[in-house]
Protein chains: 2
Amino acid sequence: MSVDKPNILVVEDEPSQLELLSYNLAVEGYEIFRAESGEEALLLLKEHSIDLVILDWMLPEISGLEVCRQIRRNKQTKDIPVIMLTARGEEDDKVRGLDIGANDFVVKPYSIKELCARVRSNLRIKYDLNTSDTLEFEGITMDIKRHRVHVNNNKVSLGPIEFKLLHTLMVSPTKVFSREELLDRVWASNIDVETRTVDVHIGRLRKQLNIVSDIELIRTVRGFGYSLDSGLN
Amino acid sequence: MSVDKPNILVVEDEPSQLELLSYNLAVEGYEIFRAESGEEALLLLKEHSIDLVILDWMLPEISGLEVCRQIRRNKQTKDIPVIMLTARGEEDDKVRGLDIGANDFVVKPYSIKELCARVRSNLRIKYDLNTSDTLEFEGITMDIKRHRVHVNNNKVSLGPIEFKLLHTLMVSPTKVFSREELLDRVWASNIDVETRTVDVHIGRLRKQLNIVSDIELIRTVRGFGYSLDSGLN
DNA sequence: ATTCTTTGTAACAGTTCCGTAACAGGCAGC
DNA sequence: GCTGCCTGTTACGGAACTGTTACAAAGAAT
């Protein structure tokens with residue numbers, strides 16, 4: 001699986017269309033593979049790890065429908081999202097397509113914007129399911145997707161900044177962060193904030209954590225900054 | 001649960017008949033709703049998602065014929081199969097009934113066996129298409145193909161956007177969706193929509209859900225977005 | 001102990017964010 | 001036409017959050 005740049009296979013027999021699509025998707029930051037026929041598509045699917053397929057309904061020789069069916073039949077490729085492009089929005093086609101296992105439909109003529117939105121959302125569904133991000137440290141559990149924090153199994157409710165702050169600390173627990181560093185990471189764009197503000201937020205975060213834990217979980221390193229560290233080691 | 005079990009509404013003013021029918025159909029594995037008058041029937045049709053109606057021809061005040069006409073007139077109920085019960089097999093009645101849109105006729109006195117067969121065949125027409133995809137979470141049941149949502153077995157009626165919105169949330173329950181993400185997934189084609197519009201639709205969805213549930217099912221994560229989450233875990 | 005520096009925190013004044021009512025346009029059905 | 005339903009936008013009030021400050025408390029250095 002490609003981690004940073006998703007690989008998209010575009011299957012379209014009309015060269016100008018293929019070019020247009022490829023270009024626009026490449027701009028969005030995807031790695032594009034092109035195929036002008038069903039055979040070519042199936043070959044590329046075998047040789048590369050494709051994350052998503054955009055498939056024209058009308059293709060010479062092997063139809064888009066058939067390509068989709070083959071993708072679904074193969075164990076290696078059966079979970080790849082397929083977006084089909086159809087010339088007209090014939091309900092009949094749509095039903096057949098969805099039966100075969102196409103994930104989504106885009107009717108020509110379509111806007112690039114729309115197609116990109118579909119691509120994004122279909123990619124995300126896959127990534128979401130596989131990514132169950134949780135961070136843990138000394139009794140603190142942070143579930144990023146669900147945006148929840150527990151300490152010793154007690155729920156802690158944090159405001160946006162507190163959440164980001166704790167997240168930053170938890171990514172490198174035991175590391176000592178200077179106030180400047182925390183400003184960079186948590187506040188990012190807004191650099192016009194006093195360094196003392198960090199102290200205040202650390203205080204607020206501590207207060208929330210202390211409601212459910214009597215151990216001091218955030219350590220002050222005088223003259224340097226803060227770190228997530230109960231001081232047990 | 002009344003989602004996989006087809007819901008049948010029996011309309012019959014004679015209590016003993018009503019009881020007999022209800023009992024025999026319940027034995028066959030249907031969920032039965034009873035009405036002794038036309039008004040009652042129409043009310044139940046609004047409040048529950050009925051899959052089939054058994055309708056006595058002779059009813060006080062509103063006749064069976066009229067009830068049938070009303071069912072056909074309403075967009076929400078127009079595809080529900082209606083089986084009419086008539087006292088004598090008067091050709092005239094039958095013709096009028098079929099004109100109005102009754103799907104089938106059973107002449108009194110009838111055998112339970114015969115009626116059950118008719119019920120089965122009339123249900124099959126609709127049901128065969130539906131190998132019912134359903135999503136569930138914390139009392140919410142969503143039947144995707146039939147476009148139905150129940151909360152604690154109470155029907156909830158949602159507009160198209162509300163439905164998609166809830167669907168999106170239910171695919172990854174407890175996950176926090178940003179407004180942009182929801183726009184991508186729910187609106188897809190129409191990206192030029194204000195992010196605040198999401199809030200309004202979340203509000204509308206909440207209102208519908210709250211009619212039948214006093215628990216807040218959609219959580220607001222300030223500064224981030226929304227998630228399906230009753231907050232019970 | 002005294003002084004100076006650094007940190008904790010309460011309090012206040014914005015500011016931002018969210019829920020919702022109200023309104024207007026679109027569209028389907030009658 | 002009218003009517004009713006659905007949708008997108010806006011505006012406003014209230015709630016939650018944030019940044020700053022001032023002062024108290026704690027450590028270091030002398």
Side-chain angles (χ1 to χ4, degrees), chain A residues 147 149 156-168 176-211 216-227 229 231, chain B residues 46 69-79 101 147 149 156-166 168 176-180 182-211 216-227 229:
Chain A
H147 229 269
V149 177
V156 180
S157 66
L158 303 176
I161 290 200
E162 284 148 41
F163 187 87
K164 279 195 215 167
L165 192 50
L166 181 59
H167 178 256
T168 308
V176 179
F177 289 87
S178 72
R179 290 173 176 71
E180 286 74 19
E181 216 165 341
L182 289 172
L183 279 178
D184 272 6
R185 302 214 194 187
V186 177
W187 278 260
S189 51
N190 261 355
I191 314 182
D192 43 345
V193 172
E194 301 288 321
T195 58
R196 285 309 307 284
T197 302
V198 176
D199 298 0
V200 177
H201 280 280
I202 287 281
R204 305 213 242 244
L205 178 52
R206 275 181 174 144
K207 197 190 246 173
Q208 292 303 314
L209 296 177
N210 284 343
I211 292 173
E216 267 303 331
L217 290 157
I218 298 172
R219 185 166 58 118
T220 304
V221 181
R222 184 167 247 266
F224 293 92
Y226 301 96
S227 85
D229 189 345
Chain B
K46 269 186 198 138
R69 191 181 287 125
Q70 301 238 12
I71 291 172
R72 288 291 169 260
R73 199 175 291 161
N74 186 321
K75 197 170 49 169
Q76 299 240 338
T77 59
K78 72 180 169 51
D79 293 324
H147 239 261
V149 177
V156 180
S157 64
L158 302 177
I161 289 202
E162 283 148 41
F163 186 86
K164 271 200 216 171
L165 192 50
L166 182 58
T168 307
V176 178
F177 290 86
S178 71
R179 291 172 175 70
E180 286 74 19
L182 289 172
L183 279 178
D184 269 10
R185 299 212 195 189
V186 177
W187 279 260
S189 48
N190 249 359
I191 305 284
D192 31 351
V193 171
E194 301 288 321
T195 58
R196 284 310 305 284
T197 302
V198 176
D199 297 350
V200 176
H201 281 279
I202 286 280
R204 289 171 181 162
L205 178 52
R206 274 183 175 142
K207 200 188 246 172
Q208 292 304 312
L209 296 176
N210 284 343
I211 291 173
E216 267 302 331
L217 290 159
I218 298 173
R219 180 169 61 126
T220 303
V221 181
R222 187 168 242 269
F224 293 91
Y226 299 97
S227 82
D229 189 340

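Not measured: the values here are computed from a predicted model. A, B, ... follow the sequence lines: proteins, then strands. Residue 1 opens every chain.
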Where each residue is assigned the nucleotide of DNA chain D containing its nearest heavy atom, which of A:Leu158 and A:Thr195 is assigned the position nearer the 5′ end?
A:Leu158

Nucleotide [N], atom [atom2] - distance to [atom1] of [X] in whole Å:
X	N	atom1	atom2	result
A:Glu162	D:dG19	CD	P	11 Å
A:Glu194	D:dA22	CD	C1'	14 Å
B:Glu180	C:dC17	CD	C1'	14 Å
B:Lys164	D:dT7	NZ	P	10 Å
B:His201	C:dC18	NE2	P	17 Å
A:Ile202	D:dG19	CD1	C1'	15 Å
B:Phe163	D:dT7	CZ	P	13 Å
A:Leu183	D:dT18	CG	P	14 Å

When rounded to the nearest 0.5 angstrom, what is the spacing between [atom1] in [X] and [atom2] in [Y]?
X	Y	atom1	atom2	result
A:Ile202	A:Ile218	CD1	CD1	4.5 Å
B:Glu194	B:Leu183	CD	CG	9.5 Å
B:Arg179	B:Arg196	CZ	CZ	7.0 Å
A:Phe224	A:Glu181	CZ	CD	12.5 Å

Would you please confirm or rule out a distance under 4.0 Å between OP1 or OP2 of [N] and any side-chain N or O of [X]?
X	N	result
A:Tyr226	C:dG8	yes
B:Arg179	C:dC17	no
B:Thr220	C:dC18	no
B:Arg206	C:dG19	yes
B:Trp187	D:dT7	no

Which nucleotide in [options] has an atom nearest any side-chain atom of [X]:
X	options	answer
B:Lys207	C:dT7, C:dA21, D:dT9	C:dA21
B:Val193	C:dA21, C:dT7, D:dT9	D:dT9
A:Arg222	C:dT5, C:dT9, C:dT20	C:dT5

Sugar-phosphate, base or nothing in reach of B:Ile161, heavy atoms under 4.0 Å:
sugar-phosphate

On DNA chain C, nearest-nucleotide positions of B:Gly225 versus A:Gly225: which is more 5'?
A:Gly225

Confirm from the modelled atom types if A:Arg204 and C:dG8 form a donor-acceptor pair under 3.5 Å, side chain to base only.
no

Classify the angle between the aromatic ring planes of B:Phe163 and B:His147 as parallel (below 30°), tilted (30 to 60°) or perpendicular (above 60°).
parallel

